[in-house]
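Below: the structure, in structure tokens.
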2 protein chains.
Amino acid sequence: MNTLSYALLAFLAREQSSGYNLMLRLQPFWPAKHSQIYPLLSHMESEEYLTSTWIVQCEKPDKKLYSITEKGIRKLKEWLYVPLADPITRDELSMKTFCMWLTDLENAIEIIESRKAHLVKKLDGFQLKIADKVLEDLKFGTPEFYDYMLFQKAIFTTTSGIEWTTMMLEILKAQRTKQND
Amino acid sequence: MNTLSYALLAFLAREQSSGYNLMLRLQPFWPAKHSQIYPLLSHMESEEYLTSTWIVQCEKPDKKLYSITEKGIRKLKEWLYVPLADPITRDELSMKTFCMWLTDLENAIEIIESRKAHLVKKLDGFQLKIADKVLEDLKFGTPEFYDYMLFQKAIFTTTSGIEWTTMMLEILKAQRTKQND
DNA sequence: CAACACATGTAAGGCGTTACATGATTAA
DNA sequence: TTAATCATGTAACGCCTTACATGTGTTG
């Protein structure tokens, strides 16, 4: 089983859900397309980690509701004792920064600005979601408590990205005024 | 051409290098195995973005030195005007945090500790490398200037990771003493 | 009327890892 | 003597994206 499979189990351990809904909720943590998720869910059902039933809906297409089995929960709990893998980040911006000396100052500024805009937009989305959540109100050890932790994680990384781009832009823009003197 | 190809061009735009050396230097920014790099370099040579010559070494195996061509440099410069792709991060820790409510407090602490240890070790490596580099000494627009920026980027993200794990551990450990009362 | 959200699935191809294959030198 | 570093290459397989395929209901 790969990490995506465990990610699906992790969501289904909280509540039953359709493949489509799993795909949407998974995006922030482990981006995957529906074409990857649907076959995986089928396979996991054949391995008896999941069960499914068709739900007939009016004004919407029918959907297949997946539920986790006892075997699935056991598998998920075991995974929590397997040594943690290192995170993998692949950021084009690192490579573009590495060869930025080959381009003009205006383009360099535009590249960093585009990343900063992306991060600011992302952070704005977080603030909305977290507005009604305060640590004191959360009971320790509940799913909601760990949701809060995960949001904090996302906020920390996004904020540090914004700080770096801001620093970069200050230095680059200072250079622009210097060049115009 | 994919991002890895541009990454190879980016390194070769600075100095000629062997495939093996490119593989090593690429790891922090765009992790890739030699089995992926060697065929790519061959292909890029056939497209005339690179040229190569065999270097005979004593007490070491022979190596193939790659150099970037004019065509390769043009291609790399063009890439710097292509809209920036979003970074992709896949972190098992996010998924494990999401289902951490299913495990015991001691295991939760151990998971976060292992990530913190990994990040602290990584940061220590950076401090050594950057010890002899100070922004004031760097001439703007040089490759070394952008190296410094890249190190800053790595330090920012690693530091924010350490801050999050530290916060997490404080909360989890406070809970541990509460449970022992 | 076009685009988007909901909903599921398959097929093809590109990207990335692991394993196979070889071989010298050096450090623990 | 076992492992690590240097050095290049191929083969097989798994992961991920893009495209193909279908259909309804809502919003602009």
Side-chain angles (χ1 to χ4, degrees), chain A residues 1-9 11-12 16-47 50-67 85-92 95, chain B residues 1-9 11-12 16-47 50-67 85-92 95:
Chain A
M1 292 237 302
N2 57 25
T3 307
L4 180 55
S5 305
Y6 287 109
L8 294 169
L9 287 183
F11 273 93
L12 290 168
Q16 50 181 24
S17 174
S18 67
Y20 185 79
N21 186 47
L22 285 165
M23 183 265 293
L24 291 179
R25 295 199 54 193
L26 218 58
Q27 295 312 308
F29 311 110
W30 200 277
K33 316 285 174 181
H34 71 272
S35 54
Q36 195 182 5
I37 289 171
Y38 291 137
L40 250 191
L41 287 169
S42 289
H43 182 252
M44 287 164 78
E45 189 179 10
S46 77
E47 302 272 296
L50 307 176
T51 56
S52 69
T53 45
W54 279 96
I55 303 292
V56 181
Q57 297 182 113
C58 46
E59 293 173 6
K60 274 185 186 178
D62 294 355
K63 67 177 177 181
K64 212 176 181 177
L65 249 199
Y66 282 96
S67 303
D86 294 345
I88 293 168
T89 303
R90 286 200 169 86
D91 189 356
E92 242 188 47
M95 292 325 307
Chain B
M1 291 237 304
N2 56 26
T3 308
L4 180 56
S5 305
Y6 287 110
L8 295 168
L9 287 183
F11 273 92
L12 291 168
Q16 51 181 23
S17 174
S18 66
Y20 185 80
N21 186 47
L22 285 166
M23 184 265 293
L24 292 179
R25 295 199 54 193
L26 217 58
Q27 294 312 309
F29 311 111
W30 200 277
K33 317 284 173 179
H34 70 272
S35 53
Q36 196 180 5
I37 289 171
Y38 290 136
L40 251 190
L41 287 169
S42 290
H43 182 252
M44 287 164 77
E45 188 178 12
S46 76
E47 301 271 297
L50 308 177
T51 56
S52 70
T53 46
W54 279 95
I55 303 292
V56 180
Q57 297 182 114
C58 45
E59 295 172 6
K60 275 184 185 179
D62 295 356
K63 66 177 178 182
K64 211 176 181 177
L65 250 199
Y66 282 96
S67 303
D86 293 345
I88 293 169
T89 302
R90 285 202 170 83
D91 189 356
E92 242 187 47
M95 291 326 306

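Not measured: the values here are computed from a predicted model.
The nucleotide whose nearest atom lies closest to any side-chain atom of B:Y38 is, among C:dA5, D:dT17, D:dT8, D:dT8. Distance from the side chain of B:H34 is smallest to C:dA19 among D:dA7, C:dA19, C:dT10. Looking at the side chain of A:Y20, the nearest of the listed nucleotides D:dT10, D:dA7, C:dT8 is C:dT8. Considering only side-chain atoms of B:W30, the nucleotide from C:dG16, C:dT17, D:dA7 that sits closest is C:dG16. You'll find that the side chain of A:K63 is closest to C:dT8, out of C:dG16, D:dA7, C:dT8. When distances run from any side-chain atom of B:S35 to the nucleotides D:dC6, D:dC16, D:dT10, the shortest one goes to D:dT10. Closest approach to the B:K64 side chain among C:dA7, D:dT8, D:dT10 is made by D:dT8 (side chain taken as heavy atoms from C-beta onward).
Counting non-hydrogen atoms under 4.0 angstrom, A:L24 reaches the backbone sugars and phosphates but no base. B:N21 comes within contact range of no nucleotide atom at all, as no heavy-atom separation falls under 4.0 Å. Nucleic acid contact class of A:K33 (heavy atoms, under 4.0 Å, all strands): base. The residue B:Q36 sits close to a base: some heavy atom pair falls under 4.0 Å. As judged by a 4.0 angstrom heavy-atom cut-off over every strand, A:D62 is placed among residues touching the sugar-phosphate backbone only.
Comparing B:Y66 and B:I88, the nucleotide of DNA chain D nearest to each residue sits closer to the 5' end for B:Y66. Of the two residues near DNA chain D, A:K60 and B:W54, the one whose nearest nucleotide lies more 5' is B:W54.
Distance CD1 (B:I55) to P (D:dA7): 11 Å, rounded to an integer number of Å. Whole-Å rounding puts the B:D86 CG to D:dC16 P distance at 17 Å. Across the protein-nucleic acid pair, A:N2 atom CG and C:dT18 atom P stand 13 Å apart, rounded to whole Å. The CD atom of A:E45 sits 13 Å away from the P atom of C:dT8 (whole-angstrom rounding). Whole-Å rounding puts the B:L65 CG to D:dA7 C1' distance at 12 Å. Taking atom CG on B:L4 and atom P on C:dG16, their separation rounds to 6 Å, with Å as the unit. As rounded to whole Å, 17 Å separates atom P of D:dT5 from atom CD of B:Q57. One interatomic measurement links the two molecules: CG of A:L40 to P of D:dG14, which rounds to 13 Å at whole-angstrom precision.
Considering only heavy atoms from C-beta on, A:Y20 stays 4.5 Å or farther from A:H34 through its side chain. Residues A:M95 and B:Y6 have side chains not in contact (no heavy-atom distance under 4.5 Å, counting atoms from C-beta outward).
B:I37 approaches B:L8 most closely through the heavy-atom pair CG2-CD2, 4.1 Å. Smallest separation of non-hydrogen atoms from A:P31 and B:T89: CD-O, 4.4 Å.
A donor-acceptor pair under 3.5 Å is formed between the side chain of B:Q27 and the backbone N or O of B:M23.
Of the candidates B:S17, B:S52, B:S18, B:Y66 forms a side chain to side chain contact (heavy atoms under 4.5 Å, CB included) with just one, namely B:S52.
For B:R90 and D:dC16, the shortest distance from a side-chain N or O to OP1 or OP2 is below 4.0 Å.
Donor-acceptor pairing under 3.5 Å, judged by distance alone, is absent between the side chain of A:S18 and the base of C:dT8.
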